[in-house]
Structure formats: C-alpha cells, structure tokens
Protein chains: 2
Amino acid sequence: MGRNRATLADVARRAGLSKTAASMVLNGREGTRLSADAHQRVFAAAEELGYRPNVAARSLRTRKTATIAFVSDIVATTRFAGGLIRGALDAARERDHVLLITETQGDATFEQYAIEAMLDRQVDGVIYAAMATRRLTVPPAILGGPVVLLNATSSDDLPCVLPDDDRAGRSVAAVLLEHGHRDGIALIGRNRLKEGDPEVSLAAEARLNGIREALGEAGVTLLAESFCTEWLPEHGYAATRGLLNRSPRPSAIICMNDRLAFGAYQALGEAGLTVPDDISVISFDDDPIAAWLRPGLATTALPHEQMGRRAVELLLDGAPTGNALVPMPLRRRRSLAPPAG
Amino acid sequence: MGRNRATLADVARRAGLSKTAASMVLNGREGTRLSADAHQRVFAAAEELGYRPNVAARSLRTRKTATIAFVSDIVATTRFAGGLIRGALDAARERDHVLLITETQGDATFEQYAIEAMLDRQVDGVIYAAMATRRLTVPPAILGGPVVLLNATSSDDLPCVLPDDDRAGRSVAAVLLEHGHRDGIALIGRNRLKEGDPEVSLAAEARLNGIREALGEAGVTLLAESFCTEWLPEHGYAATRGLLNRSPRPSAIICMNDRLAFGAYQALGEAGLTVPDDISVISFDDDPIAAWLRPGLATTALPHEQMGRRAVELLLDGAPTGNALVPMPLRRRRSLAPPAG
DNA sequence: GGTGGTCGCTAAACTGATTTAGCAGAGCAT
DNA sequence: ATGCTCTGCTAAATCAGTTTAGCGACCACC
C-alpha cells in the first residue's frame, strides 16, 4: 500500500529549497517571508511528484490525525445507523477528516478495547453515538479530548445532538387536529420503562409530552392509550386488536414508532378496516417501511443524516452553544383523512 | 486526546534498560538474548505506566497501521450495510485491527478523494464493498496493496466474497418442491437489466439459474414469470395483482427479494387471499420485514455478517483460494404450506 | 563605519517508535 | 597470553514530517 511515494524531502530537492521551506509553503503558513518564486517552485514540484504528505509522520509531530472516532453502542449495524454515519461521513469529508468506526455492542470489555484502539491512533475527537435516543454514561477515558454525544445525553456536561421528539409529538398531534380528529385519538406504544428511565429512552417521554401538550392546548384528551412491552410490529398488532374490541372505535391512531404502525396496519387489514377512510394512522421515525406501506404512512422523520452532520460540525467547528435539537420533519402521506362519519 | 502518555523511553528508563531492549521485549521478538529478568522488568514497567505504543510513531517506521479501509459505493448507509460492517468490525477486532470507513456514493470525485485519504493514512489493506452484488471496476490506486472485494467481483484477479445466490435459488425451489408445489409456481422479479448486466447485479441471474436448475431437475417449469423494473414493494404488488388475474392461480410465489414479497403480501391481502393457505410465498434476502410480516416470510438470508467477516479474514490472513461463496441460509417461516386443494 | 533591522531562507532538533550494527565481558581453547 | 565465540545489552540511524533558532546578505540610519 503506497510504497515509493514522494516525500517532502523530494519536493524540497526538486524545488531547490529546504524541507522547512517546502513544509511552510505547503501548509500555507502565514508570516513566513518566502518569496513568491519559492512558493511557485514548491507547488510545482509537489504537483509534478504527486506529493501527498504522510499522515503518520505528520501526526507524530503535531498530534493531529484528521481522524474522528465514531463509537457507538450498536448503532453502526442497524438500519438506523445509515443516516447517522452518512451525515457524519459527509461533514467529515468537507473538513478533510476521516471516520474510524467502532461498535461496543454494549459490552464493557469491547468498549474498553475500542476506546483504547481509538486513543492509540490519536483521534482528534470522539463522536459517541447511541442507537436509541437515551442518556448514557461516557467512559472517562475519552474525556481527555473533544467529545460529542450523538442521539444521546449524559450527566457530564458534553455537547450533544438529539432529535426534537417533543416537537415531533406536537406536530403529530397538530396534524391530526388539523384533519378534524378530536375525541377519537388513540395512542399505541406507552411504555413505563422507556418513559421512566432516561437510560433506556428519551424519545418515549418527549414524544408523549409533545402529543399531550398539543392536544391539551386544543382541549382534547386521548381516547385510549395502549401499553406495549416493545415497539415492534407484533406489539402494534396486538395493541390495535385490543383497541378495535373497544367502543367507540378510535378515528385515528398515533403509534410511537413506524414498526408499531406496521403492526397496526396488519391488524386493521385483518379487521377489514381501511386506512385512512376508517382510521387514520400516524407515527414516528420514517423507517423505510413507512413509504412501503399501502397507503403510505404519515410519520415524523428521525433526521439521522442531519444529526450525524451536526455531530461532526459541533466536534470540529467547536460547540458554541452545546446541545443541538434537530427538528423531525413531518412526512405527510396518505394514511391521514378526516374522521369517518 | 491522550496527552502525557508514557512512551517507550519512559518504560525503558523505569526498567533500567535501553529503548531497544524494551521494544524487543514488548514485541516478543524471537532470538533476542535478553534475560528473563529483563523481560520481567520491562513488562512490569509497561504495566505500571499503563504504556500504550504510539501508533503513529510505530507505523511511521513499520508502514503498518493495523487499519483497514472499508470503502463502499453506498453500502455503509443502507439497511444492508449493517451486517457487512459488523462482521468486518468483529473480525478486525479479533486481529487487533480497526476500520476506516468511507463511502464513495458512486461519485468518481468522492471516490478519488476517499481513496487518497485512505492511502495517506497508510492503511494495511482495502475492502471494497458494493451495495448490490455486482461486478465493478476497481480504482487502480488501491491495487498497490492487498484488496478484497466484498459483495462484488471485478475483472482484475482479486479475491472476493459473494453470497451464494445460485445455491439459494436452488434451495428456494427445493423447499417448494418439498411442500408439494409443482405446476403452480410463479416467479416475481424477472428483470432483464439486472439479469443481463453484471455491473448492475450478479444476484438476479444466479438466483434465477438456481431456481430453474432445481425445478428442471424435478421436471418442473415455472407457471409464470413477472417482470419488474425495480425490486420494490410497489412492483411486487403490481406483479402479484397481475398474476391473480390469470388462471390458473399460482399455488406458490417466489419473489426475487423480500421487498417484492412485501408487495405481494399486500396484494394478496387485498384480494382476500391467505398466506400460506391459499398461496405460499418465499423469497430472498431476509430483510427485517420478512420476520415482521404476518405470517413470517420464508426466505434465504443474505449472510452479511459472515461476508464482512470473511472479507477481513481473506485480507489479513491471506487468501489461499481467492473467492469465497458464502452460503445463504434458508429461513423457514410460516409462509409455506402444501398447495391448496 | 558601526549598528540595527528586515528579508529570504536553512540546519538541526523533535515527535516515538523499530531496527541495524556492534560493544563489553565472560568463558573456553590453544 | 591470545584469540575466539557467545551472551546480554545498547548507541545511533531511521521513518517523514513540523518547528525552533538563527544565519548571511542587504539596507538604512546616525
């Protein structure tokens, strides 16, 4: 890999100057008194030789590697990771940086190992990401340098990037009100664990609050709230069947995420009900399935790409404010209609 | 990030030996004549100081970085990437290596940039991955060092890791035959572009061949074959509606991937047909939705994690044979039953 | 005519590891 | 006593950059 590359010494020789001069020119150092001609010659020589600096040599001296560690609990291998990584990758590229990605899989030993591997490589900073939006404990080892939390907060006072679940909750409620739903709104996906323990989830509570506030301001309360042990299709399915056994039937269902909504669609389909004519459905996340469902599922998108991007920006450009709440855009799809009858 | 770490010189001083001795001991060099006592003292000193070698310094000298570049067209940000990356991550960790991940997004400029960034960092090897199993052209720049293609082949003679789509096709056909389907088997997802152009897909042709061969050996031919411009749910939906308008109705549907099968489920549900009592469905990929569908969708799993792992193994442990065809395990789920009637 | 300052540039130190070449002392044979 | 080998260890070079300290030439000024 990359033998016989031109070195700075080669460039300097070709330009008829010292390594010092070549280094200064190529780094665009201010305040140096090298002549315009010298600049010319160095640039030309570098160009002709296809010179690229050796990062190892440079970072040995400068302790900078133009490398960011992207450490996650498990995020890198889930469908949710894609956007986070892509956004981070893009922003890193724009800043001439590169991403060293590791996964701890929630295992303390792996985490220890991963972090040492990163620190050994002198990364310029660490993005510590979580799969589920939650509070976590940052391993002290990484606190020696810049850290940004992605999709997470911690008790340490670190800059972090979070989706604005509260506002998403409000907009979900708002769009239902806008369609004329009031007394028939049911919620699927209540979960005491997720709502009560910030180390498990921050999204659940925030979404719920947003929904309740927006409805409350309109003088509306939820018709029903179904609890689910997990937010998977089968739980949405079961919860929906439960709702349909009750009377009156809801006119709209809010699901705490798209997978629950997928389960809801399945139950509604089996019950012979049509979305949105019989029941409107809306949810959170904008999982790819939301667009694949028939009719398309209205939802609020987790802005993963934006979030990944923000994290790199906060890390490299400095975090003036600290936290960043990234808005979750509403995706209007055909699962919404005014209440039947 | 990681200031005031102990250096090798610190360790040597504390052990009362030279840097040379310390280096040799810590690297477990054979044939050195250092005393057992010297070994002891070095290890103790390293331990006490929490010594960790500076990777930049080491790789400046050795030209090894214990870092692998994972370059992909777009794989890193799709739902399919997860497994590939996780497998590679795991195998890399086992070998004390770390992954530098980049995405070219199919853009030549980005690719150029990404590859230079990797080479500047003296990666020990490159894993070049594609999202869709296909033939691609490897940028010449990376041919200077070890390269393994992941989910791809090329005209260069490089080791590559591919899913065994042909055998997957055979096992899909076999399991239908095993359930007693013969004359009622329809196929959804024919696509001349994917089948004909290896730069677009290798999977389509291989799956099709596998299916045809296994059916052919049993003296069975397909009842119908539907063409789809893409392999997305909406195309599976349309194709399935088309099939249902024909007579006789198929007893089983093979879909070229799970997203098509999702569309098929939607169409079957709307038509009031039940899987698997009226029609069996089986497909390829083992996308997460396969398990979420009701009933669970039988499919053959793309062994992404295995593949990512194999790629690292081939890269670091040497590729004795060259290519690796990774088996696609059959996931038996409730979408299969004997033909009705 | 010395002194001071600026200009344009360079030698050498430095980063922290690996690796080559070789030294001092012990033991042994001649 | 001399030469030889073996043992146990080290000094110094090396990798490819960045950075510090400073050199010689030239000019201006008093």
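Fair warning: this is a prediction, and the values are worked out from it, not measured in the lab. By convention in this document, chain letters (A, B, ...) are assigned in the order of the sequence lines, proteins followed by strands, and residues within each chain are numbered from 1. Side chains included, hydrogens not; waters and symmetry mates left out as well; all remaining heavy atoms used.
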(request) Just report the end-to-end axis angle for the helix from C:dG1-D:dC30 to C:dT30-D:dA1, five pairs per end, to 10 degrees. (result) 80°
What's the [atom1]-[atom2] distance between [X] and [N], to the nearest Å?
X: B:L26; N: C:dA17; atom1: CG; atom2: P; value: 10 Å
X: B:R63; N: C:dT18; atom1: CZ; atom2: P; value: 15 Å
X: B:K64; N: C:dT18; atom1: NZ; atom2: P; value: 14 Å

(message) Any salt bridge linking A:R58 with B:D120? Criterion: basic side-chain nitrogen under 4.0 Å from a carboxylate oxygen.
(response) no
(request) Starting at CZ of A:R310, measure out to CG of A:L84 and round the result to the nearest 0.5 Å. (result) 14.0 Å
(request) Report which part of the nucleic acid A:S23 touches: base, sugar-phosphate, or nothing (heavy-atom distance under 4.0 Å, all strands). (result) base
(message) Using side chain to side chain donor-acceptor pair (under 3.5 Å), reason through A:D96 and B:Y113 one step at a time and then give a plain yes or no.
(response) CA-CA 9 Å; A:D96 270 336; B:Y113 179 87; 2.3 Å; yes
(request) Could you tell me whether the side chain of A:V138 reaches within less than 4.5 Å of the side chain of A:L136, counting heavy atoms only? (result) yes
(request) With the side chain counted from C-beta on, respond yes when B:Q112 and B:T104 share a heavy-atom pair under 4.5 Å apart, and no when they do not. (result) no
(message) If we ignore hydrogens and angles and just use 3.5 Å, is the side chain of A:R29 paired with the main-chain N or O of A:M24 as donor and acceptor?
(response) no
(message) I'd like to compare against my own output: the B/S/- annotation of nucleotides 7-14 of chain C with a strict under-4.0 Å heavy-atom distance to protein.
(response) BBSBBB-B
(request) Give every residue pair that meets the side-chain hydrogen bond (donor to acceptor under 3.5 Å, both in side chains) criterion with at least one member in residues 149-162 of chain B, sequence neighbours excluded. (result) B:T133-B:N151, B:S154-B:D156
(request) Shoot me the first and last contacting nucleotide of DNA chain D against chain A, ordered 5' to 3', at under 4.0 angstrom to non-hydrogen atoms. (result) D:dA16 to D:dT20
(message) Once salt bridge (Lys or Arg N to Asp or Glu O under 4.0 Å) is applied, do any residues pair with B:R309, and if so which ones, sequence neighbours excluded?
(response) B:E94, B:E313
(message) Suppose we screen for salt bridge (Lys or Arg N to Asp or Glu O under 4.0 Å). Which residues come up paired with A:R135, at least two apart in sequence or across chains?
(response) none
(message) Can you confirm if the NZ or CZ of A:R93 lies within 45° of the ring axis of B:F110 and under 6.0 Å from the centre of its six-membered ring?
(response) yes
